[in-house]
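Structure first, then comments.
Chain identifiers are assigned alphabetically (A, B, ...) following the order of the sequence lines, protein sequences preceding nucleic acid strands; residue numbering begins at 1 within each chain. Because the structure is a prediction, the values reported are computed rather than measured.
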Number of protein chains: 2
Amino acid sequence: MASIKDVAKRANVSTATVSRVLRNAGNVTEETRQRVLEAIEALNYQPNVLGRYLRRMETETVLVVVPDITNPFFSKVLRGIEAVALEHGYQVLLGDTQNDARLEEQYLNLLPQRQVDGMIFLTARIRKELVEEMARQFPIVLACEYLEGTDIPTVSIDNISSARKATEHLIRLGHRRIAHLSGPMNIILSRDRLRGYYQALAQHEIEVDAALVQEGDFTYESGYNLALKLLALENPPTAIFAANDEMAIGAVKAIRHRGGRVPDDIAVVGFDDIQMASIFEPSITTIAQPMFEIGQKAMELLLELIEGTGVERRQLVLPDRLVIRDSCGGERPE
Amino acid sequence: MASIKDVAKRANVSTATVSRVLRNAGNVTEETRQRVLEAIEALNYQPNVLGRYLRRMETETVLVVVPDITNPFFSKVLRGIEAVALEHGYQVLLGDTQNDARLEEQYLNLLPQRQVDGMIFLTARIRKELVEEMARQFPIVLACEYLEGTDIPTVSIDNISSARKATEHLIRLGHRRIAHLSGPMNIILSRDRLRGYYQALAQHEIEVDAALVQEGDFTYESGYNLALKLLALENPPTAIFAANDEMAIGAVKAIRHRGGRVPDDIAVVGFDDIQMASIFEPSITTIAQPMFEIGQKAMELLLELIEGTGVERRQLVLPDRLVIRDSCGGERPE
DNA sequence: GATGGTTGTGTAATCGATTACATAATCGAG
DNA sequence: CTCGATTATGTAATCGATTACACAACCATC
């Protein structure tokens, strides 16, 4: 493999000059520039980036830590990140934690090792202090999930208010026995969505029935199984608000398998607005998050941190939207 | 940030000794080892991997090039790759081409730049010569998609035979007017699946009707739109074989929107067996690929190439399976 | 034609770890 | 007790690019 020295020798210049040509840093005569370019061409030279990285101590690479790469929600956020990264010449590395907090911690270590210039976490399940300490020294942005009471830059929606909105919609349609399929309680998003659900019930003076709140793990299967549990209750719910679309679809399937109809017998509302929510029949009423935009904004914040512009650490809350489709039905008759 | 020199100074040893402790290379007294470890601890030292990379000229990182990260099929293959990579201490970097061949070409360049030790392509749409030349010098493995007439190591299923199997199933059920929604014709997988479809028709002496073959692009939307076109034919098909599940689901939706029933009026078969194929109603009859295993095998082949073991270049063909569900219906009456 | 500024190029240090080679210390066998 | 082998450690070169600094050549100005 040809190195910069070989190019320099062939073009009869110093390595410094070759480097200047490569980086388009000025002060090179057109004539020598041509000579160098010819040599590069002739040797089929490709700069070894490791040398550059070491010298400049930056890799122009960022890592995105995702709890579950198979979840289409995150793919969309990722697209937003990629778009901005590409535009600024950054590469995006992907870290899949498969919902394992220990892996999350391991990825964190790539920062002091200088493997990446910055990191975006789409999951935040490790000890707050750990992340905070790292964030003091290195560029870190949180998106979607967040940590309470930190000033780490964060991009998300207001999960409490959107969960309240979703629940209120069901109440408005005349439902009183509304169940909630939550996400895992160790995740703040799950707690927020649960809180929004409670707030809506309280505002309309509907008593909480603990049996109607079931903790899932955001998978289709958990939605299916928990819905079966709800259906087996003495006094089953007339509506289910699930903390994400996959669980909502699981719930619909469970209801059907028990001979029920959605929305006629039981109304269902989801969260996230993944593509399948609009394709599935009945189409799923849900909360739409601006996935692509969350990714974009997160990457923009990260770039500010890396490049040291924009001093203040910011926490962005993006608008969400209740998308009313078929699965929640219309106003209840009686 | 502390460097190896700082550690050496504090522990009163040379950098060589520190390095030996770090890499667990023998020949260090337990006593000095302890002293070094204490110094590392005290300084909160993390080795800067860029130095190591440059010196050793390897990054223990592989890149996986994916045509579309939002496609759940690839996420599963990726999981298989990750599993094997992790086990062998390799990191996995992800490159999303968004179906753009130019991006694919750009990623290829990371190899001579020494950014990664090897690459797995889940897409192969650039000029064959380009890939072949690179594959002669660097570790490259193809998976899912492949290139005709090369000896680059490849992992895939036999797309021709599986497409034939799917089509034959429809014929066996009594269908004669069978349409095919293909993928883009510049992709070999699409051509293979189309060929399998033709083979099945030929074997049963069914005449090909060009109007029944429509070229899509693997998206839900294209499946939907092309199915509408098929339905508008004077003599519409009684069955549709789609080259992937997302198009199959799109076709089902289109049929329904036109008032038709699946499978009663029109039978539908997909390809890939993504999760939604079993969840969607009607559940989709499809070809199941061993996605996780494809990933595993591809990464294993890549490791062999990187580590120079296993000289012969191998092309693996993994078994697939026809999964019969509801969307194809039973035997036709008349 | 001396002076100062600009421009183009080269020399060599540098980034941080690894490692070939040298050397010192220790041990065991005879 | 000596010699050779083994073990522990240090010295310094090395990976490939970038860049601070030096310097030469050239130009414009008065």
Using a distance-only criterion (donor-acceptor N/O pair, under 3.5 Å, no hydrogens), is the base of C:dG8 paired with the side chain of A:R33?
no
Go through the steps for B:C144 and B:V77 under the test side-chain contact (heavy atoms from CB on, under 4.5 Å), then give the verdict.
CA-CA 9 Å; B:C144 305; B:V77 177; 4.3 Å; yes
Pick base, sugar-phosphate or nothing for B:V49, based on heavy-atom distances below 4.0 Å to the nucleic acid.
nothing
Which part of the nucleic acid does B:S19 contact within heavy-atom distance under 4.0 Å: base, sugar-phosphate only, or nothing?
base
Nearest to the side chain of A:T29 - C:dC15, D:dA17, C:dG8?
C:dG8
Describe, as an angle rounded to 10 degrees, how the axis at the first end of the helix from C:dG1-D:dC30 to C:dG30-D:dC1 is tilted relative to the axis at the last end, five pairs per end.
40°
Side chain of A:R56 - closest among C:dT19, C:dT18, D:dT18
D:dT18
Rounding to an integer number of Å, can you tell me how far B:N27 CG sits from C:dA20 P?
13 Å
Tell me the interatomic distance from A:K5, atom NZ, to D:dC15, atom P, rounded to whole angstroms.
6 Å
Is there a donor and acceptor pair closer than 3.5 Å between the side chain of B:R20 and the base of D:dG10?
yes
Classify the side-chain pair A:Q115/A:T59 by whether it contains a donor and acceptor separated by less than 3.5 Å.
no
To the nearest angstrom, how far is B:D6 atom CG from C:dC15 atom P?
11 Å
